[in-house]
Amino acid sequence: MVGHDIPLNQGCLKPIQIKIPPGSLLDPSDDAAVIGGNVLTCQRVVDVIFKAFSTCAASQGCMNNTTFGDDSFGYYETVAGGAGAGPTWHGRSGIHTHMTNTRITDPEILERRYPVVLKQFSLNRGTGGRGSFFGGDGVIRELKFRRSLILCLLTERRVYSPYGLNGGEPGRKGRNIIYRHNGSEENLGGKFKTPVSAGDIFHLETPGGGGYGNVNDDVGIPSSAKRARTL
């Protein structure tokens with residue numbers, strides 16, 4: 001929004017006056033039931049500001065908070081998704097945006113220390129919104145549980161897609177699915193807590209970023225997106 005590259009500095013906020021009405025979403029009362037301000041609300045606030053200034057399309061708007069464990073241990077991770085495109089750039093794929101840059105656990109460490117198998121962790125091609133510049137793709141992450149545990153998810157962008165801007169298409173919404181060992185399948189929505197058993201598979205699809213610019217203008221389409229379009 002500044003218009004040119006500058007170093008990170010607190011001085012950028014000096015000419016800005018921030019007004020947050022008491023009792024609003026960003027200034028709840030002391031006894032309000034709130035959760036996820038540091039991992040979900042902050043993400044959506046950035047997208048709102050970027051849209052108000054027409055700066056860039058929405059990023060995944062979520063940290064895809066995944067927690068599992070039992071009485072003996074607990075494990076927590078956040079999972080990357082797609083970044084929004086802008087007037088001169090494509091959104092990055094499989095990346096954390098805005099207030100997060102968490103480093104995820106290495107597969108070897110995850111499987112050695114916890115009762116899970118990492119079945120898949122890959123880019124979900126074609127989930128970024130199309131446009132003159134494409135939004136970044138989200139990812140697919142699958143965990144197979146080796147014993148009975150409790151799984152909790154705190155996620156967003158499962159109902160409303162990350163917006164595109166100036167004619168760009170929205171990014172694809174995320175999904176949270178459990179494939180049970182008995183062959184059944186459950187779409188669990190954005191926020192849930194559920195028991196899992198040995199052999200159950202948790203399938204996570206993170207949201208893609210929105211596209212920017214006229215979707216019929218192919219000038220800026222990256223080669224990876226062109227390949228995805230033809231599949």
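Worth knowing before you read on, the calculation uses all heavy atoms, side chains too, and leaves out hydrogens, waters and symmetry mates. Being a predicted model, the structure only gives us computed values, none of them experimental.
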For G94 and A80, the nearest pair of non-hydrogen atoms, with its separation, is C-CB, 3.5 Å

What about L188 and M63, same hydrophobic cluster or not, with Ile/Leu/Val/Met/Phe/Trp/Tyr joined at side-chain heavy-atom distances under 4.5 Å? no

Value for CG (L204) from CG (L143), rounded to nearest 0.5 Å, stands at 8.5 Å

inquiry  = Is any side-chain heavy atom of V45 closer than 4.5 Å to one of L26?
reply    = yes

Nearest heavy-atom approach of A85 to F133 is CB-O, 3.4 Å

**OP:** Taking the side chain as every heavy atom from C-beta outward, state whether Q43 and E156 have any pair of such atoms under 4.5 Å apart.
**Re:** no

> Donor-acceptor pair, N214 side chain versus N216 backbone, under 3.5 Å?
Replying inline: yes

Of all heavy-atom pairs linking N64 and V79, the shortest is ND2-O, 3.0 Å

Problem set entry | Test item: F50 and C56 side chains (from C-beta on) under 4.5 Å apart, heavy atoms | yes

Heavy-atom nearest pair, M99 first then C42, reads CE-O, 3.0 Å

So the ring-ring contact (aromatic ring centres under 6.0 Å, His included) pairs with at least one residue in residues 169-203 (sequence neighbours excluded) are Y179-H203

Which word best sums up how the rings of F73 and Y114 line up, parallel for under 30°, tilted for 30 to 60°, or perpendicular for over 60°?
tilted

Taken to the nearest 0.5 Å, the spacing of N176 CG from E186 CD works out to 12.0 Å

query = Can you tell me if OH on Y76 sees more than 12 non-hydrogen neighbours from other groups inside 6.0 Å?
reply = yes

Joining Ile, Leu, Val, Met, Phe, Trp and Tyr whenever any side-chain heavy atoms lie under 4.5 Å apart, the cluster holding V117 also takes in none

Output yes when D137 and R172 qualify as a salt bridge under the 4.0 Å nitrogen-oxygen rule, no when they do not. no

Rounded to the nearest 0.5 Å, the OG1 atom of T78 sits from the NE2 atom of H96 at a distance of 3.5 Å

### Query
Are V48 and I18 grouped together when hydrophobic residues (ILVMFWY) are joined by side-chain heavy atoms under 4.5 angstrom apart?
no

### Query
So, E185 and R180, do they make that salt bridge, N to O below 4.0 Å?
no

Is there a donor-acceptor pair closer than 3.5 Å between any side-chain N or O of Y163 and the backbone N or O of K51?
yes

Taking the side chain as every heavy atom from C-beta outward, state whether L151 and T66 have any atom pair closer than 4.5 Å. yes

* Yes or no on side chain to side chain contact (heavy atoms under 4.5 Å, CB included) for R175 and R158, after CA distance, side-chain angles and deciding distance? -> CA-CA 6 Å; R175 296 198 305 165; R158 268 54 181 178; 5.8 Å; no

- Item | Residues I201, I178; criterion side chain to side chain contact (heavy atoms under 4.5 Å, CB included); working and verdict | CA-CA 6 Å; I201 296 173; I178 291 286; over 6 Å; no

Across all chains, not counting sequence neighbours, the ring-ring contact (aromatic ring centres under 6.0 Å, His included) partners of F68 are Y75, F145

Side chain proximity check, S161 to K173, heavy atoms < 4.5 angstrom
yes

S59 and P162 have their tightest heavy-atom pair at O-CB, 3.4 Å

* Asked: So I150 and T194, side chain to side chain contact (heavy atoms under 4.5 Å, CB included) or not? Walk me through it.
  -> CA-CA 6 Å; I150 299 296; T194 185; over 6 Å; no

Greater than 12 external heavy atoms within 6.0 Å of I35's CD1 | no

P21 and K19 have their tightest heavy-atom pair at CD-O, 3.9 Å

Exercise. Going through the checks in order, is the side chain to side chain contact (heavy atoms under 4.5 Å, CB included) test met by T206 and I140?
Worked result: CA-CA 7 Å; T206 66; I140 296 174; over 6 Å; no

Report yes or no: does T97 contribute a side-chain atom to a donor-acceptor pair with the main-chain N or O of A83 at less than 3.5 Å?
no

Check: Is there side-chain contact between F121 and I104, with at least one heavy-atom pair below 4.5 Å?
Finding: yes

*Between K119 and E142, is there a salt bridge with N-O shorter than 4.0 Å?*
no

Is there a side-chain contact between E169 and F134, using heavy atoms and a 4.5 Å cut-off? no

Output for pair (N9 CG, K14 NZ), nearest 0.5 Å, gives 9.5 Å

Separation between CG (L149) and CZ (R147), nearest 0.5 Å, reads 5.5 Å

Are I49 and L13 in one and the same hydrophobic cluster, where Ile, Leu, Val, Met, Phe, Trp and Tyr link if side-chain heavy atoms are under 4.5 Å apart?
-> yes

- Query: Can you tell me if S54 and N166 form a side-chain donor-acceptor pair at under 3.5 Å?
  - Reply: no

Handout entry: Pairing of E77 and R141 as salt bridge, 4.0 angstrom limit
Key = yes

task = Say whether, by atom type as modelled, one donor and one acceptor occur between the side chain of E111 and the main chain of V116 under 3.5 angstrom.
result = no

task: Decide yes or no for D200 and S197: does some side-chain heavy atom of the first lie under 4.5 Å from some side-chain heavy atom of the second?
output: yes

Taken to the nearest 0.5 Å, the spacing of L40 CG from R157 CZ works out to 11.0 Å

